[in-house]
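What follows is a single structure, written as structure tokens, with notes after it.
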Number of protein chains: 2
Amino acid sequence: MPDAALTISDLIQQRLDDLTRAERQLAHSILENYPASGLGPLTALAKDANVSVPTVARMVQKLGFKGYPEFQAELREELKAKVKNPIAKHDTWTGGAPSGHILNRFTDAVIDNIRHTLGQIEPATFDDACAMIAETDRHLYIVGGRLTHTLAEYLFLHMQVIRSQITHIQSTSNAWPHYLLDVKEGDVFVIFDVRRYENNTLKLAEMAHAKGARIILFTDQWRSPVHQLAQISFSSRIVVPSAWDSVATTLLLVETMISSVQNLNWSDTKSRMEELEEMFDQTKLFRKFT
Amino acid sequence: MPDAALTISDLIQQRLDDLTRAERQLAHSILENYPASGLGPLTALAKDANVSVPTVARMVQKLGFKGYPEFQAELREELKAKVKNPIAKHDTWTGGAPSGHILNRFTDAVIDNIRHTLGQIEPATFDDACAMIAETDRHLYIVGGRLTHTLAEYLFLHMQVIRSQITHIQSTSNAWPHYLLDVKEGDVFVIFDVRRYENNTLKLAEMAHAKGARIILFTDQWRSPVHQLAQISFSSRIVVPSAWDSVATTLLLVETMISSVQNLNWSDTKSRMEELEEMFDQTKLFRKFT
DNA sequence: ATAATTTTGAAAAATTAATATCAGCAAGAT
DNA sequence: ATCTTGCTGATATTAATTTTTCAAAATTAT
């Protein structure tokens, strides 16, 4: 039986490198709902993790237990100790750290931001925005600023797979006026503008608006002046214990939107994805396994 | 199988009067350290409570279960649900939407990812990584891939304010080998590599490692092969209801790290920020109000 | 006080689960 | 390209756990 001071969860993570592919797959499955899944029968665990029964038996022995029953006994001991111990109330995010550690404080703040932000979003409005972005017969412009161009780029990269006719404009570059030449009435702009609102971005929005484009704005709780021109605005809370703001909540919205738009355009997206996969295969840019 | 809304603990207490002497004795033993004792073999439980084996079998049937295994399965389900729900009783994040709306499902998944990820991070390791990044006498290289270069860029933009001697390398560009010429022993690499691990990134990491550089890796739960070369790795859970993965959790770590490094280098950072402010003022890039 | 009824536990039977064996397969080495 | 090594899972074997049976003990009713 392995060291008592270490939890099985720790032990598994620590020895993750010594494990084989199937064993690692199993390990992740155990950690997925820890410790419940490890307390069931070996057979069920194997099925759950999509590995064979012997793989489970081998792994627990590799971890230092005499057999699966001993492994389970240890898990139960751990559980017993945890319930007895009032500190295990799981009010902190990362187990070992004091609640005052920056990891816990920052995460608290972000979760709080998410709660506030989501609470103020009308699902119908969100769906409308997704539908607008999914209109493949209009050109889609994605605009970011000094920091937010990273979000814009992230959205752009995914939209590239989902649809054609997209342009990523960096408002910080001075080349952007050229892009506006071709804007048609009804085209869609997704604009990111958060605190330290940028003059360039506002100008760009004004010109786009004047040309009859529709604007979807991602901003913060104090709202960029662009919001007066925008058809739809999403305001994320961005306050965290830091000298800077957090765009984590905004990213959450962007990712959700990607997922939603992808579903709206699924037939298109699917074939585009397959084509992309094939090109990746040919260029050998990515590794297929491990 | 009995009512799902009731925990087994509740069920036992509620039906305590219908039980016989030996059964009551057993019931109290189960509640004594709940739920751990109920998750072991029937034989052990019987011995623990000083009752006979058939007594246990009879009682669980009396409580409405088909047999002891079903009783245990229910206990495990209960445990799973309990662990899963450490924070939010929030059944929905955005009020108006049904819990099946993508906004709610996606947010649930991200929160769950955060919980899993943070639960596996050693605060000391995190602090070590921050300290490494804060070493201003070493050169800092930040490396991102096809999608993750957006995160790399985000980190880079903030680090620019905090310290000098930073380079953002895009592993997708073929110019990266040039950057490696100047790498010195002890230099620090922050590398982002998530699913669809990139061959270029691995090559780059190998060369950096060979030159004696130290590597901090941000990857996903399955871990990029780069992790074998890395001094410190952070694995984020990235699964969401989407055809793509989520980097929201990784961004959370990056932002936390920025905040932490900023504090370590505060005197430096402060003067650099002031200088930056002044330059912004002169260029009129940003609006001071509204 | 005695019979009827219920409860209890020992032991056997049935079921289920865990381990060991082995052959096929895949990844890396020569 | 071929070999070697080590991983993986199907199957068989062994071990364990659970359920059933039945007789003894305790409890309750008459």
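Proteins come first, then strands; the chains are lettered A, B, ... in the order of their sequence lines, and each starts at number 1. Since the structure is predicted, the reported quantities are computational estimates derived from the model, not experimental observations.
Under 4.0 angstrom from either OP1 or OP2 of C/dT7 there lies no side-chain N or O belonging to B/T20. Here A/T43 reaches the OP1 or OP2 of C/dA18: one of its side-chain N or O atoms lies under 4.0 Å away. Residue B/T55 places at least one side-chain N or O closer than 4.0 Å to OP1 or OP2 of C/dG9. Proximity of A/Q61 to the phosphate of C/dA20: a side-chain N or O atom is located under 4.0 Å from OP1 or OP2.
Distance alone, capped at 3.5 Å, is enough to place a donor-acceptor pair between the B/H227 side chain and the B/S224 backbone.
A salt bridge is defined here as a Lys NZ or Arg NE, NH1 or NH2 lying under 4.0 Å from an Asp or Glu carboxylate O, and B/R105 with B/D108 fails to meet this definition. Using a cutoff of 4.0 Å between basic side-chain nitrogens and carboxylate oxygens, B/K184 and B/D187 are not scored as salt-bridged. Note on A/E23 versus A/R58: no salt bridge recorded, every NZ/NE/NH1/NH2 to OD/OE distance being 4.0 Å or above. Between B/R223 and A/D17 there is a salt bridge, since at least one side-chain N of the basic residue sits less than 4.0 Å from a carboxylate O of the acidic one.
Between the two ends of the helix from C/dA1-D/dT30 to C/dT30-D/dA1, each summarised by a five-pair axis, the helix axis turns through 30° (rounded to 10 degrees).
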* Asked: Which is it for B/E206 and B/K203 under the salt bridge (charged side-chain N to carboxylate O under 4.0 Å, His left out) test, yes or no, and what are the steps along the way?
  -> CA-CA 5 Å; B/E206 277 165 355; B/K203 289 245 173 63; over 6 Å; no
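Contacts of B/P41 with the nucleic acid, taken as non-hydrogen atoms under 4.0 Å apart, involve only primed sugar atoms and P, OP1 or OP2. Residue A/R58 is in base contact, counting any heavy-atom pair closer than 4.0 Å across all strands shown. Within the nucleic acid shown, B/V56 has no heavy atom closer than 4.0 Å to any nucleic acid atom.
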